[in-house]
There are 2 protein chains.
Amino acid sequence: MSRASDRAYSAIRNMILSGELPAGAQLGEEALAEMCGVSRTPVREALRRLEADMLVGRTDTQRTFVADWSIDDVADAFELRAMLEARAARRAAERMTDAALARIRVANRALSTAIQQPMPDVAGFLEGNREFHAIILEVAGSRRLAALLGTLIEQPVVLRTARHYSREELRRSHAEHEELTAAFARRDGAWAEAIMTSHILRAYHAYADAHRARLDAGTQQEAAE
Amino acid sequence: MSRASDRAYSAIRNMILSGELPAGAQLGEEALAEMCGVSRTPVREALRRLEADMLVGRTDTQRTFVADWSIDDVADAFELRAMLEARAARRAAERMTDAALARIRVANRALSTAIQQPMPDVAGFLEGNREFHAIILEVAGSRRLAALLGTLIEQPVVLRTARHYSREELRRSHAEHEELTAAFARRDGAWAEAIMTSHILRAYHAYADAHRARLDAGTQQEAAE
DNA sequence: CCGATGGCATTTGTATACAATATCCATGTC
DNA sequence: GACATGGATATTGTATACAAATGCCATCGG
């Protein structure tokens, strides 16, 4: 992370995820370079990586812009993520070790602690959640699967969704993690696969519902103006 | 393709796929730049892309080398490809149009012609095959699915395998394409998914068998020396 | 008033120089 | 003789200058 290109990557990425750079915004290399305090060379590398992540797009004439995520794109991404994470869960169940199982339980405990605070610790929840899924991916032992999922796990949408989870949703998510752990403990690949599919798709519908609610609110507000 | 970085990408890629640059070979940026007749800047871009394709790897100190594909890596890649192409086939069947169906039939006819020559036209077969799978991916209508499959379809292994297909294997492959077309004509997603899974996994086992045979031949030769 | 055209401004692409870092080999010490 | 150390050498990382292309806008002709 000390390399200039890594700093540029993180900086631009954060600006996109935080919404500081809104969807559709043109990304001039020179302007980004100045923002990041580096030259254009590392910025160009960072943009290529962000393009691979599909966080930025390119016009037919090589102008880069912040990618716009339609609701269909989000559905598409969640569908693929469900398929790939489910596959990872199955492989992980088939290859599970006692040591990894212990680490998964630790992550789940941290997650449980986070959501039982008087004011739910969302950052703690996200970190425990990330760790949980990371261990599964590690145990699954497929470098390619990990690479493919890498471009799907930390999308703008996913991050923003979790922040709006209700306590009930957080609790439900944790319950699913517990059930997945049970499937891992029994080395039951089919079970793990099924729960993981459900786990991701439920997260998708939580997002879609929230999105629809947001749209309705926007429409009402427009009507009032 | 006229850009220097594109030329560098193609050139290096071809050298890897042809075996001119053997697995494990160090890829000095300066040396590659000279080979491609460009400067280091576009070579660096090309290497980043090839790294995303997993055709080149990187040491912990950022030295690049031609990726070494163990038999397990190949199995891993085929397994993922089977899953993703099967998903694409299902989506394509559900969204199939008459126009696309006609194009698929044209591709299949070309493929059929290629394998019925006295001396099978392998290049023609590969082109028809590529077109067939490309149309399916297009009809599937998922940019992400296309992006993920992009890194899996034209791997060194896949290309080298097809060149050693027997006429019987070519004929079988074509028969599977015909069956897939039938599934598409009936808009039967489950059927299409199943055939595609089988289609890719059969190709995998054809490769694995050939690989084993090659290993055995090598061992025998060693024993004879 | 609308659209085409030309040229200026902006942006991206490439080459190259230089800085930082890693590798390798020779030398010296135990 | 094995291993650590240091510096020469090679390689990668970054900045910058310049070339090529793209986009924008004003001007001109209809």
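Atoms considered below: every heavy atom in the structure, side chains included; atoms not considered: hydrogens, waters and symmetry mates. Just so it is clear: chains get the letters A, B, ... in the order the sequence lines come, proteins before strands, and each one is counted from 1.
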How close or far is atom P of D/dG13 from atom CZ of A/Arg49, stated in whole angstroms?
12 Å

Closest-nucleotide 5' rank along DNA chain D - winner of A/Asp60 and A/Pro42
A/Pro42

Name the orientation class of the two ring planes belonging to A/His199 and A/His133 (parallel below 30°, tilted from 30 to 60°, perpendicular beyond 60°).
parallel

In a check of side-chain contact (heavy atoms from CB on, under 4.5 Å) between A/Phe184 and each of A/Ile135, A/Ile104, A/Val139, which one passes?
A/Ile104

side-chain N/O A/Ser39 vs D/dA15 OP1/OP2, d < 4.0 Å
yes

Could you state the CZ-P distance from A/Arg7 to D/dG13, rounded to the nearest angstrom?
14 Å

Between P on C/dT14 and CZ on B/Arg48, what's the gap in Å once rounded to a whole number?
16 Å

Which residues satisfy the side-chain contact (heavy atoms from CB on, under 4.5 Å) test with B/Met54, sequence neighbours excluded?
A/Arg143, A/Arg144

Counting only side-chain nitrogens and oxygens, does B/Ser5 get under 4.0 Å of the OP1 or OP2 atom of C/dT14?
yes

Between CD of B/Glu45 and P of C/dT12 the distance, given in whole Å, is 13 Å

Pairing residues for B/Thr181 by the side chain to side chain donor-acceptor pair (under 3.5 Å) criterion, not counting sequence neighbours:
B/Asn108

Atom CD of A/Glu34 and atom P of D/dT16 are separated, to the nearest Å, by 12 Å

Under 3.5 Å, which donor-acceptor pairs do the side chains of residues 23-35 of chain A form with other protein atoms, sequence neighbours left out?
unit_1  : atom_1 : unit_2  : atom_2 : d
A/Glu29 : OE1    : A/Arg40 : NE     : 3.0
A/Glu29 : OE1    : A/Arg40 : NH2    : 3.0
A/Glu29 : OE1    : A/Arg44 : NH1    : 3.3
A/Glu29 : OE2    : A/Arg44 : NH1    : 2.9

For a quick check, with a 4.0 angstrom heavy-atom cut-off, what is the B/S/- contact string for nucleotides 4-12 of chain D, read 5' to 3'?
-------SB

Estimated bend of the helix from C/dC1-D/dG30 to C/dC30-D/dG1 (axis per five terminal pairs, rounded to 10 degrees):
10°

Check the side chains of B/Thr151 and B/Asp53 for a donor-acceptor pair under 3.5 angstrom, ignoring hydrogens and angles.
no

Salt-bridge contact B/Glu45-B/Arg48 (side-chain N to carboxylate O under 4.0 Å):
no

Calculate, to the nearest 0.5 Å, the distance between atoms OG and CG belonging to B/Ser5 and B/Leu47 respectively.
11.5 Å

Return the set of residues passing side chain to side chain donor-acceptor pair (under 3.5 Å) with A/Asp98 (not counting sequence neighbours), or none when no residue passes.
A/Arg187

